[in-house]
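Note sheet for the following structure.
What you see is a predicted model, and the numbers here were worked out from it, not measured in a lab. Computed over heavy atoms, backbone and side chain alike; hydrogens, waters and symmetry mates excluded.
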Amino acid sequence: MIRTRFAPSPTGFLHIGGARTALFAWAYARRHGGSFILRIEDTDVARSTPAAVQAILDGMEWLGLGYDEGPYYQMQRMDRYKEVIQQMLSAGTAYHCYTSADELEKMREEQRARNEKPRYDGLWRPEEGKALPRPPAGVLAAVRFRNPTEGVVSWHDLVKGPIAIANAELDDFVIARGDGTPTYNFCVVVDDWDMNISHVIRGDDHVNNTPRQINIFKALGAPLPLYGHLSMILGDDGQKLSKRHGAVSVMQYEEEGYLPEAVLNYLARLGWSHGDEETFTMEQFCAWFDLDHITASAAQFNTEKLNWLNAHYLKQADDSRLAAATVRRLERQGIDAAGFPGLPRVMALYKERVSNLNELADAAHPFCVALHPSPELLALHLTGPVRGALATLSERFKTVDWQAQDLSLAIKATIAEHGLKMPQLAIPLRVVLLGQPQSPAIDAVLEVLGRERVLERIGRVTG
RNA sequence: GACCCUAUCGUCUAGAGGCCUAGGACAAUACCCUUUCACGGUAUGAACCCGGGUUCGAAUCCCGGUGGGGUCGCCA
């Protein structure tokens, strides 16, 4: 049984890198008929917030990444962690350490000054025939894992291949703080064990934690999961993403008018491939997804390609869905679009020309509410001959059959009569009707706008 | 600094020793379509980091260098 998990810490929003990790873990479980588990790693009480938990849940919901189990919260599993720590203490695979945080910091500084790798010096580590110092009064002991000192820890990484790290590179890390709360590297192991996680798919930044975690698994006599480490996503500028540089919430993509299927498809292709396939549904993705075709090196985020994908999915999107999204977006700007019945047809007209929902809403705006063209624009386009032609056209519009073909004939008859070329009338007409010189085919615009609005808007400038 | 990972067009990538005069996509450029702006279509330019091996043959395997990234917390 394949069981994967996504285990974010609730210290901020769900960003693009986390979303991709979740997507891959989710797809792997789906591909193999397994389970995808959501686990909130909230043992850092100082930085975890309920708002961040909600932000992560929101992000996953928007993307449509559903989980089969969870969310589990580590803070609710304290008893279990403490139980395991007691076991390790009595088994001698963990020990109390009374070195204070200040002393540790000082130690690290000195080691760095000597160009050594900063590490715990093992002062409190029990050793055969070694006399331990007397525990200082009033200092709360942290618990450290007694890491093996010899040999190498190796595993076959599902994306990077064989990796080996010498135990000599690892020090005895803290598994429980002075106040008794367990720490990350320890909780992860207990959870992955208890939750029967078979494949740990996570970010590259955890590679160096893996040997430590494997050592704990071994100390506990627990079966090891398989590990796969996904490389980083770099920003559009090639710089690494961080809270102060480029890392944005997936929900910001929603605000910027991206469709979840576009973001998902983009993320899927960032670091994974299936031959030359560029666009695919999540069903196809789940059917194709494998760990063998994941790129081992970091990938640079490319907004232009995301934009292209978004435009691609916009073209395929259902008109009524787009209309609903447009109404919501215009409402945020205080514009009532729900009252305009032609909105779905406006969507059909514009969804092939824009690359996001905000542009679509901007395009729909003048259909719902008359925009008054600027005096400059009117002066530029409404010359004497054009005014005359518009008056003629307006007359024809009063009686014409209101459909694109007939509207087009009315325009053609009018330009012939006034000796104009098509653009000479079509462009001013666009300005009058929509407040801007560009639009889809003018007959289609007229048809969707409706006789009443058209006559009213022409009348406003000619009358 | 130490350790670990990594390296194909500007970007995402295909590529598992001969199929590669290196393929696709985004972006760029040109042209076509056209009732404006877009969409779309066609075409063009654009890459195997460097140096050594192994092999009849290397983008693909090995070693070294260089570049990039990650980690070195009583954060996760």
Side-chain angles (χ1 to χ4, degrees), chain A residues 7-11 41-44 46-48 74 97 99-101 104-105 108 111-120 140-144 157 159-161 163-166 168-171 173-185 187-188 202-211 229 231-232 234 236 238 240 266 269-279 292-293 295-309 311 315 350-355 363 408 411-412 415 421-431 436-443:
Chain A
S9 64
T11 54
E41 311 222 318
D42 53 358
T43 53
D44 185 352
R47 294 197 302 158
S48 298
Q74 291 188 321
C97 167
T99 306
S100 71
L104 250 17
E105 188 43 46
R108 281 193 281 264
Q111 286 162 331
R112 256 189 274 266
R114 275 180 265 132
N115 262 340
E116 287 170 17
K117 187 167 181 160
R119 55 190 5 250
Y120 175 60
L140 288 173
V143 179
R144 282 183 188 270
D157 196 272
V159 348
K160 291 176 186 290
I163 299 180
I165 294 173
E169 293 297 330
L170 275 23
D171 64 355
F173 57 99
V174 170
I175 60 175
R177 302 175 176 91
D179 66 5
T181 55
T183 61
Y184 169 75
N185 274 118
C187 297
V188 177
R202 67 202 337 181
D204 216 346
D205 47 338
H206 289 288
V207 169
N208 293 279
N209 289 324
T210 305
H229 290 95
S231 56
M232 301 216 63
L234 271 24
D236 237 332
K240 65 173 170 179
Y266 179 73
R269 275 294 283 108
L270 195 62
W272 175 83
S273 61
H274 186 259
D276 289 338
E277 303 288 347
E278 292 290 347
T279 59
D292 300 331
H293 291 84
T295 311
S297 55
Q300 190 172 318
F301 194 90
N302 186 217
T303 305
E304 286 180 329
K305 189 159 182 179
L306 205 214
N307 289 343
W308 171 76
L309 269 170
K315 288 184 185 72
Y350 280 90
K351 68 183 179 183
E352 303 208 337
R353 324 164 58 86
V354 299
S355 66
S408 183
I411 294 172
K412 280 174 181 154
I415 58 174
K421 298 276 190 195
M422 187 55 129
Q424 291 176 297
L425 183 57
I427 293 177
L429 195 50
R430 289 183 169 96
V431 170
Q436 56 198 27
Q438 297 93 31
S439 86
I442 192 65
D443 49 359

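For A:Ser273 and B:A14, the shortest distance from a side-chain N or O to OP1 or OP2 is below 4.0 Å. In this structure, A:His293 reaches the B:G15 phosphate: one of its side-chain N or O atoms is under 4.0 Å from OP1 or OP2.
As rounded to the nearest Å, B:C9 and B:G24 have C1' atoms that lie 12 Å from one another. Comparing B:U6 with B:A43, their P atoms sit 38 Å apart, to the nearest whole Å. Nucleotides B:U8 and B:C48 have their C1' atoms positioned 4 Å apart, rounded to a whole Å. Between B:U54 and B:U60, the two C1' atoms lie 13 Å apart (nearest whole Å).
In this structure, A:Glu304 has no salt bridge (Lys or Arg N to Asp or Glu O under 4.0 Å) partners at least two apart in sequence or on a different chain. Under the salt bridge (Lys or Arg N to Asp or Glu O under 4.0 Å) criterion, A:Glu277 pairs with no residue at all, not counting sequence neighbours. Residues satisfying the salt bridge (Lys or Arg N to Asp or Glu O under 4.0 Å) test with A:Asp42, not counting sequence neighbours, are none. In this structure, the side chain to side chain contact (heavy atoms under 4.5 Å, CB included) partners of A:Lys315, at least two apart in sequence or on a different chain, are A:Ala311, A:Glu352. Residues passing the salt bridge (Lys or Arg N to Asp or Glu O under 4.0 Å) test with A:Arg144, sequence neighbours excluded: none. Remark: A:Phe173 engages A:Phe145 in a ring pair (Phe, Tyr, Trp, His ring centres under 6.0 Å) (not counting sequence neighbours). Under the rule for a side chain to side chain contact (heavy atoms under 4.5 Å, CB included), the partners of A:Ser100 that lie at least two apart in sequence or sit in another chain are A:Asp102, A:Glu103.
Across all strands shown, B:U54 remains unpaired; no Watson-Crick or G-U wobble contact has both distances below 3.5 Å. Base pairing of B:A25 is made with B:U11, judged by Watson-Crick or G-U wobble geometry with both donor-acceptor distances under 3.5 Å. Across all strands shown, B:C20 remains unpaired; no Watson-Crick or G-U wobble contact has both distances below 3.5 Å. Across all strands shown, B:C31 pairs with B:G41; the Watson-Crick or G-U wobble distances both stay below 3.5 Å. Nucleotide B:A59 has no partner under the Watson-Crick or G-U criteria, as no pair reaches both atom distances under 3.5 Å.
Remark: the A:Asn307 side chain and the A:Ser355 side chain contain no N/O donor-acceptor pair separated by less than 3.5 Å. Side-chain N/O atoms of A:Thr43 and A:Arg177 include no donor and acceptor closer than 3.5 Å.
Here A:Gly271 lies in heavy-atom contact (under 4.0 Å) with sugar-phosphate atoms only. When heavy atoms are screened at a 4.0 angstrom cut-off, A:Lys315 is found touching the sugar-phosphate backbone but no base atom. Contacts of A:Glu278 with the nucleic acid, taken as non-hydrogen atoms under 4.0 Å apart, include base atoms.
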Per-nucleotide protein contact along nucleotides 71-76 of chain B, 5' to 3', at a 4.0 Å heavy-atom cut-off (B base, S sugar-phosphate only, - neither), is SBSBBB
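Looking at every heavy atom in both residues, A:Pro118 comes nearest to A:Arg108 through CB-CG, 3.8 Å.
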Protein N or O to nucleotides 31-35 of chain B N or O, pairs below 3.5 Å:
| unit_1 | atom_1 | unit_2 | atom_2 | d |
| --- | --- | --- | --- | --- |
| B:U35 | O2 | A:Arg430 | NH2 | 3.2 |

Atom pairs, N/O to N/O, protein against nucleotides 5-9 of chain B, distance under 3.5 Å?
| unit_1 | atom_1 | unit_2 | atom_2 | d |
| --- | --- | --- | --- | --- |
| B:C5 | O2' | A:Lys160 | NZ | 2.6 |
| B:U6 | OP1 | A:Lys160 | O | 3.3 |

Strictly under 3.5 Å: I want the nitrogen or oxygen pairs between protein and nucleotides 21-23 of chain B, one per line.
| unit_1 | atom_1 | unit_2 | atom_2 | d |
| --- | --- | --- | --- | --- |
| B:G23 | N2 | A:Asp276 | OD1 | 3.1 |

Please tabulate, one pair per line, each protein N/O and nucleotide N/O from nucleotides 44-50 of chain B that are separated by under 3.5 Å, including the distance.
none

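With a glycosidic angle more than 90° from 0, B:C32 adopts the anti conformation.
To the nearest 0.5 angstrom, A:Arg202 atom CZ is 4.5 Å from A:Thr210 atom OG1.
Side-chain contact check for A:Tyr184 versus A:His206: some heavy-atom pair is nearer than 4.5 Å. Within the 4.5 Å cutoff, the side chain of A:Ser231 has no heavy atoms near those of the A:Ser297 side chain.
Side chain of A:Asn302, nearest nucleotide from B:A27, B:U13, B:U11: B:U11.
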